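Keep in mind that the numbers below use all heavy atoms, side chains included, and drop hydrogens, waters and symmetry copies. Predicted, not measured: the structure shown is a model, and the values here were computed from it. Quick note on labels: first sequence line is chain A, next is B, and so on, each numbered from 1.
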Number of protein chains: 2
Amino acid sequence: MALAHAILAVLVDCPNSGYDLAKQFDGSVGFFWAASHQQIYRELSKLEKQGWLSGEIIPQEGRPDKKLYYITEAGKQELQAWIAQPCEPAAIKDDLLVKIFAGYIASPKIILDELQQHRQAHLEKLSIYKTLEQRYFQNLQTLSLAEKFHYLTLLKGISYETDWVAWCDRAIEILR
Amino acid sequence: MALAHAILAVLVDCPNSGYDLAKQFDGSVGFFWAASHQQIYRELSKLEKQGWLSGEIIPQEGRPDKKLYYITEAGKQELQAWIAQPCEPAAIKDDLLVKIFAGYIASPKIILDELQQHRQAHLEKLSIYKTLEQRYFQNLQTLSLAEKFHYLTLLKGISYETDWVAWCDRAIEILR
DNA sequence: TTGACATATGCAAACAGTTGCATATAATTT
DNA sequence: AAATTATATGCAACTGTTTGCATATGTCAA
């Protein structure tokens, strides 16, 4: 049930609406936890009923009202307890690598095109992450503790995408 | 429905029983697709009903009988069609990075211990993959096409684990 | 001889995630 | 005036995954 904890992890930093959460899960948070807005809204209701979050409707002008969620003391304690439990490295499910595993039954062009496209996609993510790094995490010394931890997840995002780009290059080289 | 395709991708190389498949999904194939034996057996029945696989019961002595699954022509065509469709980079769900994102609410010791444990786990995987590399993929030139593709997935496994170990080191360094 | 381990297969319930649909306001573009 | 985009929220059906349980044979060690 780690979507719950991913939401708590974002809200412990600052309150957010479901819409804002969905945008974050589509952006930098999405690097380590993917979730759709439908999933997020459903989970938020559940977490509010459980008492880990409290919601407050904020009337807005010029746009629909929104519901801001705050983490409760119980929610924070739950998050702390969850963090303290050891966890396993993440399970991987990667379509591209399944394709590559059986790549010899397809035409080389199809495989090479797919590799090129993935290379491009990873390069774009990498560029976004590097922009974030330059904008928000210029010098380590001045960062707050919370910022340091956020930066660590960004660093993983950067090395993850860098590694993918390098592997695509190598794969293309080997197959050509 | 990519578990189906991951199974087809293994069986297109050579026939296997559910038990053997489960072991492979727990080993090197597990690097790019994680699946439990329950999932695998259920999926195998489904794929046989669909006509993508055919199963043959092999009587054995000194151990329970097993059922060997072969990919059918229809199954191979399905796999080829699936490979030809473009796919997105894999969605990530990583418990450890969720923990790190909110790591500032936990005690430093808990975080550092968890980082050390993950570093160790990734190092062990890396060692297994490097052993496989030395044993089966010594020189690129002599590899068959199928082996080259299999090697590419192993290469990704190696760089993935290497990247994790490096990140753990960096994270521990920054937090200390 | 009891217990653990390896081989070998599978069901069923609970939980999580995806996909398609639905609604509503307001600004901007065509 | 109509279409599109951004904001904002959510339900329902389906599909996929996890967890716990269940069964059966044979070997090896305590």
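- If you check residues 8-35 of chain B against DNA chain C, the residues with a heavy atom closer than 4.0 Å are B:Ser17, B:Gly18, B:Tyr19, B:Lys23, listed by number.
- For NZ of A:Lys67, the number of neighbouring non-hydrogen atoms (other residues, nucleotides, ligands) closer than 6.0 Å is greater than 12.
- At least one donor-acceptor pair under 3.5 Å links the side chain of B:Ser45 to the backbone N or O of B:Tyr41.
- By the 6.0 Å contact criterion, CD on B:Gln39 is enclosed, its count of non-hydrogen atoms from other residues, nucleotides or ligands being greater than 12.
- The distance between atom CD of B:Glu61 and atom P of D:dT27, rounded to the nearest whole Å, is 11 Å.
- For B:Asp95 and D:dT17, the CG to P distance is 17 Å, given to the nearest whole Å.
- The footprint of chain A on DNA chain C, defined by a heavy-atom cutoff below 4.0 Å, extends from C:dA16 to C:dA26.
- The side chain of A:Arg63 contributes an N or O atom lying less than 4.0 Å from OP1 or OP2 of D:dA8.
- Here salt bridge (charged side-chain N to carboxylate O under 4.0 Å, His left out) pairs that include residues 87-104 of chain A, with residues two or more places apart or in two chains, are A:Lys99-A:Glu114.
- Counted within 6.0 Å of CD on A:Glu147, heavy atoms from surrounding residues, nucleotides or ligands total more than 12; the atom is thus considered enclosed.
- Side-chain contact annotation: B:Gln120 with B:Glu124, donor-acceptor N/O pair under 3.5 Å present.
- Listed by first then second residue, pairs satisfying side-chain hydrogen bond (donor to acceptor under 3.5 Å, both in side chains) with a partner in residues 70-81 of chain B read B:His5-B:Glu78, B:Glu56-B:Tyr70, not counting sequence neighbours.
- Near DNA chain C, meaning a heavy atom under 4.0 Å away, the residues from residues 37-47 of chain B are B:His37, B:Gln38, B:Tyr41.
- Non-hydrogen atoms lying under 4.0 Å from DNA chain C are contributed by B:Lys93, all within residues 77-93 of chain B.
- Judged by the 6.0 Å and 45° rule, B:Lys156 forms a cation-pi pair with A:Trp164.
- Transitive grouping of hydrophobic side chains (ILVMFWY, heavy atoms separated by less than 4.5 Å) keeps B:Ile40 and B:Ile58 in distinct clusters.
- Atom CG of A:Leu3 and atom P of D:dT18 are 15 Å apart (whole Å).
- For A:Phe101 and B:His150, the ring centers are positioned less than 6.0 Å apart.
- In terms of hydrophobic clustering, with Ile, Leu, Val, Met, Phe, Trp and Tyr side chains grouped at heavy-atom distances under 4.5 Å, A:Leu68 and A:Leu8 are assigned to different clusters.
- Proximity of a side-chain donor or acceptor of B:Trp52 to a complementary backbone N or O of B:Leu79 within less than 3.5 Å is not detected.
- At a threshold of 4.5 Å between non-hydrogen side-chain atoms, the residues B:Lys66 and B:Ile57 do not count as touching.
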